[in-house]
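Below is one structure, written out as structure tokens; comments come after it.
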Amino acid sequence: YDGTIFHRNIKGFMIQGGDPTGTGKGGTSIRGKKLNDEIRESLKYNARGILSMANSGPNTNGSQFFISYAKQPHLNGLYTVFGRVIHGLEVLDLMEKTPTAAGDRPLAEIRLNRFSWTGMISAYARHGDHVSVMSLYKEMEPEGSSPDSITFLSVLVASCRKGLLGRVGRLDEAEVLMHQIPGGPGLLVLQSCFRSICVVGKLVC
């Protein structure tokens with residue numbers, strides 16, 4: 001996603017990107033094939049800033065995605081929702097105001113400079129979604145995209161401060177993550193884990 005542009009922008013509806021060709025006709029999944037939809041009844045287009053996969057029909061997910069500008073109930077059940085904007089809504093405001101040409105293409109280039117695993121995983125951790133944190137780690141490893149030490153540090157600090165690793169009974173996984181950190185977990189993580197996990201009567205750090 002680094003350096004890709006948002007190629008389609010419809011005020012009051014959504015903005016679409018994720019196509020490395022910048023045409024709206026390209027983009028493949030990380031597995032090199034179309035991915036199936038993952039529809040959850042609980043995830044709906046009920047707010048501004050809903051993030052989901054774009055597709056050309058059922059089970060045709062590639063790399064393109066879109067962000068909603070408003071509630072879009074008619075899209076419920078048709079696209080895979082996987083996130084929402086929680087910070088930077090003012091940036092979304094600026095994107096929506098960008099004038100467009102034919103085909104809803106922005107006249108001024110809107111570019112995604114850099115994608116960050118750190119931000120994505122940390123957001124899961126901050127919101128208490130420990131299951132998604134662990135799932136994302138396992139998803140990244142086979143693809144050769146294992147998180148660097150900064151990602152591990154940010155996730156462990158966020159998770160430990162919430163007591164997640166202790167409270168959900170995943171102390172064994174906490175230990176595994178600790179040992180995977182390049183160069184060791186570092187004092188910051190150790191201190192954070194001591195504060196939170198010791199409170200629940202368990203010690204793994």
Distance check, rounded to the nearest 0.5 Å: Lys25 atom NZ versus Asp19 atom CG? 10.5 Å
To the nearest 0.5 angstrom, please state how far the OG atom of Ser56 sits from the CD atom of Gln64. 9.0 Å
Rounded to the nearest 0.5 Å, how far does CD1 of Ile110 lie from CZ of Arg105? 10.5 Å
Here the gap from His87 atom NE2 to Leu92 atom CG, rounded to the nearest 0.5 Å, amounts to 14.5 Å
Same cluster for Leu94 and Leu89 if Ile/Leu/Val/Met/Phe/Trp/Tyr side chains link at under 4.5 Å? no
Using every non-hydrogen atom in the two residues, find where Ala47 and Ser68 come nearest and quote the distance to one decimal. O-OG, 3.3 Å
Tell me whether the centres of the aromatic rings in Tyr1 and Phe65 are closer together than 6.0 Å. yes
Not counting sequence neighbours, which residues clear side chain to side chain contact (heavy atoms under 4.5 Å, CB included) with Glu109? List them please. Ile5, Arg111
Whichever hydrophobic residues join Leu75 through chains of side-chain contacts under 4.5 Å: Ile10, Phe13, Met14, Leu43, Tyr45, Ile50, Phe66, Leu78, Tyr79, Val81
Asn59 CG to Asn36 CG distance, which is reported to the nearest 0.5 Å: 4.0 Å
Which residue pairs pass the salt bridge (Lys or Arg N to Asp or Glu O under 4.0 Å) test when at least one of the two sits in residues 43-69, sequence neighbours left out? Glu41-Lys44, Arg48-Asp93, Arg48-Glu96
Rounded to the nearest 0.5 Å, what's the gap from OG on Ser52 to CZ on Arg84? Could you check? 14.0 Å
As a quick check of understanding, evaluate side chain to side chain contact (heavy atoms under 4.5 Å, CB included) for Val85 and Leu51, giving each step before the final call. CA-CA 7 Å; Val85 178; Leu51 179 62; 5.9 Å; no
Identify the two heavy atoms, one from Pro106 and one from Arg8, that lie closest to each other, and give their separation to 0.1 Å. CD-N, 4.1 Å
Do Tyr69 and Asn9 meet the criterion of a side-chain donor-acceptor pair at a distance under 3.5 Å? yes
Partner of Thr80 by side chain to side chain contact (heavy atoms under 4.5 Å, CB included), out of Asn55, Leu35, Asn61: Asn61
Determine the minimum heavy-atom distance between Pro20 and Ser63, stating which atoms define it. CD-OG, 3.9 Å
For Ser29 and Lys33, indicate whether the former's side chain and the latter's backbone hold a donor-acceptor pair under 3.5 Å. yes
Any link between Phe6 and Val91 through a network of hydrophobic side chains (Ile, Leu, Val, Met, Phe, Trp, Tyr) touching at under 4.5 Å? yes
